[in-house]
Every structure is written in C-alpha cells, then in structure tokens.
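Inspection log for the structure reproduced underneath, given as structure tokens.
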Amino acid sequence: MIGIGTEGIGGAAPEYKPGSEADFERLYRSSYNRVLGTLIGILGERAAAEDCVQDAFVRAYRSWSSWRGDAPAEAWLHRSAINTAISHQRYERMREAGQVLRRLGRPAPPPDPATLVERSDLFRALSKLPPKQAAAIVLRHHHGYTNREIAAALDIPERTVASRLAGAKERLRKVLSYERSADSQISVGTLSEDGVPSD
C-alpha cells in the first residue's frame, strides 16, 4: 500500500490496525505537523488551524475502529481536517461582523517571530482562495504530494487535482500581483511548474 507523507512522500506506508490505540498514537505523531501545515495554509492563522486539527483528530479517534483502510490513513485524516477547516471558515464568515466590532476594542498583540512566516503575503493570499484550491496548493507545494496523493487526501478524482492547482495558481497570481505589484510575481514563480510527478 502506498501512503502520503507517513514515512516519506510516496514511500511505503506503515501498517495500521483500525481500533489500535498504539497505531493511532503513531499516526498522530507522524502526521500532526503535516495536517497542521495544510490547515494553516487554508485558514491563514495558526490558532484556528490548531483548533481544527484538534477537532479533526478527536473525530478521527472516535471513528478509528471503523476506518476501513480504503485510503491511506494520513489521507483519511487530511480529508477530515480539511472538512473541519471548511466548516470552521463558514462559521467564521457568519460571525465576521461581530468579530470586527470586538477587534476594534482590543489592541493588537506584539508580533510573534515564530509566526511571521505564517503571516507572509503568500499565506494571506492562500486564505483568500476557496478552501479546496488552497488545500491543493498546500499539499503540492508545501508538502510535495503527487496528484494521486492529493486526490486521496481530498477525496476527488485525480484529474480534478490538476484543474484545482491551475485555478489556484491563477488566483494566487492575481491576488499577489494586486497586493504586492511586480515583486510578488517573482514569489509565485516557483508555482508555475509542477515538478512532482503524478505517480
């Protein structure tokens, strides 16, 4: 069985037994940071991403005994986490007006050096993409997943991955060029080629 990001991209995935506490702990330790990175790319903020990852792992733990193994375990986790992030994003948009009012009364905290990279122009631009496009970009260019692995993580046909990546790159170019002028186009230059094969 081929897995995604469990012990090297495209490497042999470790065997997991549904319902095994030890196997779930191993899966949690090996995939937490990659799943968190994906959700930071989708949501654009670490705190929200951490909350969603926690929720996704709690749900995954509850249904671990019924995991059938029809997709690699980390892809199954990514699917759950991405769905959790999309639900979170919808909920947050509904509360947007109230959040703006609450933020007006609070001073901004000092910037944390560890999170500066997460607040870069690229991450802000990713948060303006539709969540499914942002997920495809993060899985490809942050984690190095292949089209097949992305398809398994997002539960979509493999041929859909290429169109999502193309649409996401076009939107990123527009957002970044609008926000940062010519310099931002250089930063997206690495997105023009998909150097990772689909197999």
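Atom CG of Asp155 and atom OG of Ser80 lie 12.0 Å apart (nearest 0.5 Å). Note that OG1 of Thr160 and CD1 of Ile150 are 12.0 Å apart. Values are rounded to the nearest 0.5 Å. Atoms CD1 and CD1, on Ile82 and Ile42 in that order, are 4.5 Å from each other to the nearest 0.5 Å.
With a 4.5 Å cut-off on side-chain heavy atoms, Tyr145 and Glu74 count as touching. Pro130 has its side chain within reach of Arg171: a pair of non-hydrogen atoms, C-beta onward, lies under 4.5 Å apart. The shortest side-chain heavy-atom distance between Ser87 and Thr84 does not fall under the 4.5 Å cut-off. Using a 4.5 Å cut-off on side-chain heavy atoms (C-beta onward), Glu50 and Leu39 make no contact. Residues Val161 and Leu154 form no side-chain contact, since every pair of their non-hydrogen atoms from C-beta on lies 4.5 Å or further apart. Here the side chains of Trp64 and Asp23 are in contact, with some heavy-atom distance below 4.5 Å. Residues Leu165 and Arg140 meet the side-chain proximity criterion, which asks for heavy atoms closer than 4.5 Å. Contact annotation: the side chain of Glu45 never approaches that of Ile40 to less than 4.5 Å [non-hydrogen atoms, C-beta and beyond].
Residues passing the side chain to side chain contact (heavy atoms under 4.5 Å, CB included) test with Tyr61, sequence neighbours excluded: Glu21, Phe24.
Ser63 places a side-chain N or O within 3.5 Å of a backbone atom of Arg59 that can act as its donor or acceptor partner. With hydrogens and angles ignored, the 3.5 Å screen pairs a side-chain donor or acceptor of Ser31 with a backbone N or O of Leu27. Glu149 places a side-chain N or O within 3.5 Å of a backbone atom of Thr146 that can act as its donor or acceptor partner.
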Step by step, work out the side-chain contact (heavy atoms from CB on, under 4.5 Å) result for His88 and Asp51. CA-CA 9 Å; His88 170 82; Asp51 288 345; 5.8 Å; no
Intermediate values then yes/no, side-chain contact (heavy atoms from CB on, under 4.5 Å), Lys132 and Ile86: CA-CA 8 Å; Lys132 291 178 181 179; Ile86 290 170; 4.1 Å; yes
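Contact between Gly41 and Ala134 at its shortest, heavy atoms only, is O-CB, 4.2 Å. Here the closest heavy-atom approach between residue Arg164 and residue Gln133 is recorded as O-CG, 4.0 Å. Considering every non-hydrogen atom in both Ala85 and Cys52, the closest pair reads CA-SG, 3.9 Å. Nearest heavy atom pair, residue Ala153 against residue Leu139, reads CB-CD1, 3.9 Å. In terms of heavy-atom proximity, Val138 sits nearest to Gly37 at CG1-O, 3.8 Å.
Transitive grouping of hydrophobic side chains (ILVMFWY, heavy atoms separated by less than 4.5 Å) brings Tyr32 and Trp76 into a common cluster. Residues Tyr28 and Leu36 share a single hydrophobic cluster, defined by chaining ILVMFWY side chains whose heavy atoms lie under 4.5 Å apart.
For Gln54, the CD atom is loosely surrounded, since the number of other residues' heavy atoms within 6.0 Å does not exceed 12.
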